[in-house]
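All values below were derived from every heavy atom in this structure, side-chain atoms included, with hydrogens, water molecules and symmetry-related copies excluded. Only a predicted model underlies this, so the values are computations on that prediction, with no experimental measurement involved. Start at 1 and go down the list; that is how both ligands and their atoms are numbered.
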Amino acid sequence: MTPRLVLVLGDQLTPTVAALRKADKTRDVVVMAEVADEAGYVPHHPKKIAFLFAAMRKFAGRLQDEGWRVAYTRLDDPENAGSIGGELLRRAEEFGASEVIATEPGEWRLIEALRDHPLTVHLLEDDRFLCAHSEFETWAKGRKALRMEFFYREMRRKTGLLMDGDQPEGGQWNFDHDNRKGPPKGLAGPMPSRFDPDPVTEEVLALVEQRFGQNFGDLRPFWFATDPDQANHALDDFIDQALPRFGDYQDAMVSGQDFLFHSVLSVYINAGLLDPLEVCRRAEAAYRAGRAPLNAVEGFIRQIIGWREFVRGVYFREGPDYCARNVLGHSRKLPPVYWGGETQMRCMKEAVGVTRREAYAHHIQRLMVTGNFALLAGVDPAQVHEWYLAVYADAYEWVEAPNTLGMSQFADGGVVGSKPYVSSGNYISKMSDYCKTCAYGVKVKTGPDACPFNLLYWHFLVRHRDRFASNPRMAQMYRTWDKMPEDRRTVVLDDADHVLARLNAGDPV
Ligand code: FAD
Ligand code: DLZ
Ligand code: SF4
């Protein structure tokens, strides 16, 4: 029988992924390829590329050990066609194949490339998620607005996670109000598990250094897990050492503490090294054994079966044009500070710093520092989206785009969130120690020393008054603004314009 090609992409490194389940070991050829198109469609952080290539090579080795025929193309292979589509054509000719079995990619551009491919491509739904496309559609259909909280309850019922019969464990679905503690002095979290690069990884590091060394981000020290055993080790360590305090300090930010009590597991879950449901079950077991409190475990599980599944549902339901949305009409260029340019803002320095070092920042840094600043400053959401897609090791469009364009930039007009996540410096001051060492004064509301968040916050509200004034969750802020003396309001807006002019000129803020 003629072989079929079985495509396994860099974020499909799961032995039971749909395409492999459908394939026949005795007949088919697994195709995996490191290609310039995937490595270059945004300027990915070198750690992200190295993680994926090392994990891909190790996964291919494992498949071979299990008896699969694997056609693996390295980036520096002179025959490399440069794209997934091109590699499929080349391998089809080599093996006399005309059909491809593929698991649906997590980005529309690649789905479209496979749908339009000259070979016959059988696209199978990626069922490594709890909620199939049809199930999300059934849930979403007819609702005026999609809200994560209600979706999440469905997922709790479906999985039985943290359920007490048909009621939520502890009598509440959501313990978020317990999870907003600011950091006490000296708060420090454990280090996530780190792994010395093995020979496969070392070879990849040399390649990435040579080919992508100019990209934004530090390649070394490289410490990510690159196979399921290591990723499971990281999960165990997280559950033992960080999960118990995950809830309390989920929103906290501390200078020099890059991870606090976060899991740093998204990079492994999204590439397929860890199964999301298994991760949640292990966290639940820690709660049941009295090793972690309910607010921590519920908060953690909600991120995975709630937010993660919800944003994926939105990405696929909204369709390929989602990434072009810009309902607020923002058009400012992404300021150089995002690529490590000079800044006086301590919070931006910290959030961009950890991003550069680790291809990581935790949720509140992404949402309330870099995201908040871009939104207040009116940066073109497409450029913001491209930045997040490039700089984080866990970034693929299905999860990054709804978080960035939806949750963070409100570019989708409220599909993901009911109101924009904007705040003045006060929020950052409450949740971090950043303001204590900042050149700006978080309590200063006007003038050259005023925290830029304070100025831009009002500027944002004023320029989008027509859209947001009637939003009940924002009405209070407009009342506060309206009560301010007229001359003060003028000064605030003039000072904000001055900050924006500096951004326009490419000057540091
Ligand atoms: P933890 O805080 O330990 O959370 C546990 C797990 O929950 C994570 O590993 C992740 O799998 C899941 N999770 C938490 N929040 C979310 C969320 N909002 N959406 C989806 N899953 C979530 N997450 C990505 O995986 N890839 C991205 O490209 C990405 N881009 C983002 C862009 C912006 C602007 C924002 C605001 C958030 C983004 N997130 C993204 C969500 C979130 O910030 C990361 O999942 C989280 O910071 C990963 O770190 P962690 O594993 O330590 O998470
Ligand atoms: C992100 C990425 C990178 C950097 N390189 C590759 C690659 O060379 N080969 C590959 O198969 N996948 C890579 N990926 C992951 C894909 O971009 C990812 O599968 C799609 O974006 C869909 O989520
Ligand atoms: Fe950030 Fe403003 Fe605080 Fe400085 S004062 S760290 S700019 S929030």
(message) Side chains of Thr355 and Tyr392: any donor to acceptor distance under 3.5 Å?
(response)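 Yes, because at least one side-chain N or O of Tyr392 sits under 3.5 Å from a partner of the opposite role on Thr355.
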Heavy atom of the protein closest to [atom] (residue, atom name, distance):
atom: atom 6 (C) of ligand 1; value: Ile304 CG1, 3.6 Å
atom: atom 23 (N) of ligand 1; value: Val399 CG2, 3.7 Å
atom: atom 8 (C) of ligand 1; value: Ser266 CB, 4.0 Å
atom: atom 50 (P) of ligand 1; value: Val264 N, 3.5 Å
atom: atom 5 (C) of ligand 1; value: Phe300 CE1, 3.4 Å
atom: atom 49 (O) of ligand 1; value: Tyr360 CE1, 3.3 Å
atom: atom 11 (O) of ligand 2; value: Gly10 N, 3.1 Å
atom: atom 18 (N) of ligand 1; value: Asn403 OD1, 2.9 Å

Students often mix this up, so state it plainly: with edges at 30° and 60°, are the rings of [X] and [Y] parallel, tilted or perpendicular?
X: Phe224; Y: Phe51; answer: perpendicular
X: Phe246; Y: His262; answer: perpendicular
X: Trp108; Y: Tyr315; answer: tilted

With a 4.0 Å cut-off on heavy atoms, is [X] touching ligand 2?
X: Ile84; answer: yes
X: Arg109; answer: yes
X: Trp398; answer: no
X: Met56; answer: yes

(request) Could you tell me whether some N/O pair between Glu107 and ligand 2 is separated by less than 3.5 angstrom? (result)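 By distance alone, the answer is yes.
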(message) Side chain or backbone, does Asp11 bring an N or O within less than 3.5 Å of an N or O on ligand 2?
(response)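 Yes; the residue has a nitrogen or oxygen that sits under 3.5 Å from a nitrogen or oxygen of the ligand.
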Does [X] pair with [Y] as a salt bridge, N-O distance under 4.0 Å?
X: Asp176; Y: Arg302; answer: yes
X: Asp126; Y: Arg128; answer: yes
X: Glu309; Y: Arg312; answer: no

Near [X], which atoms of ligand 2 are under 4.0 Å from a heavy atom of that residue?
X: Tyr41; answer: 17 (O), 21 (O)
X: Ala33; answer: 7 (C), 8 (O), 9 (N), 10 (C), 11 (O)
X: Leu52; answer: 1 (C), 2 (C), 3 (C), 14 (N)
X: Val35; answer: 7 (C), 8 (O)
X: Glu34; answer: 8 (O)
X: Leu110; answer: 20 (C)

(message) Under 3.5 Å between any N/O of His362 and any N/O of ligand 1: does that happen in this structure?
(response)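 N/O-N/O distance under 3.5 Å: no.
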(request) Consider every N or O of Ser263 and every N or O of ligand 1, then say whether any pair is closer than 3.5 Å. (result)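 Ser263 vs ligand 1: N/O contact under 3.5 Å present.
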Out of [options], whose heavy atom is nearest to [atom]?
atom: atom 11 (O) of ligand 1; options: Met148, Arg308, Met407; answer: Arg308
atom: atom 40 (C) of ligand 1; options: His363, Gln250, Arg366; answer: Arg366
atom: atom 16 (C) of ligand 2; options: Met32, Glu87, Glu38; answer: Glu38
atom: atom 22 (C) of ligand 2; options: Ala395, Gly106, Gly40; answer: Gly106
atom: atom 2 (O) of ligand 1; options: His262, Glu400, Gln409, Glu309; answer: His262

Does even one non-hydrogen atom of [X] get within less than 4.0 Å of ligand 1?
X: Ala361; result: yes
X: Phe246; result: yes
X: Phe259; result: no

(request) Answer side chain, backbone, both or neither: which part of Asn270 comes under 4.0 Å from ligand 1, heavy atoms only. (result)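 The answer is the side chain of Asn270.
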(request) Run the numbers for me: atoms of ligand 1, each under 4.0 Å from some heavy atom of Leu367, listed by number. (result)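 Per the distance check, 36 (C).
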(request) Using the ring of Phe216 (Phe, Tyr or Trp, six-membered ring only), decide whether Lys48 places NZ or CZ under 6.0 Å from its centre and within 45 degrees of its axis. (result)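 No, Lys48 does not sit over the ring of Phe216.
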(message) Closer than 2.8 Å to atom 2 (Fe) of ligand 3: does that hold for any N, O or S atom in Cys435?
(response)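 No, outside the cut-off.
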(request) Below 4.0 angstrom from a heavy atom of Val442, which ligand 3 atoms are there? Numbered from 1 as shown, please. (result)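 Counting from 1, the qualifying ligand atoms are 5 (S).
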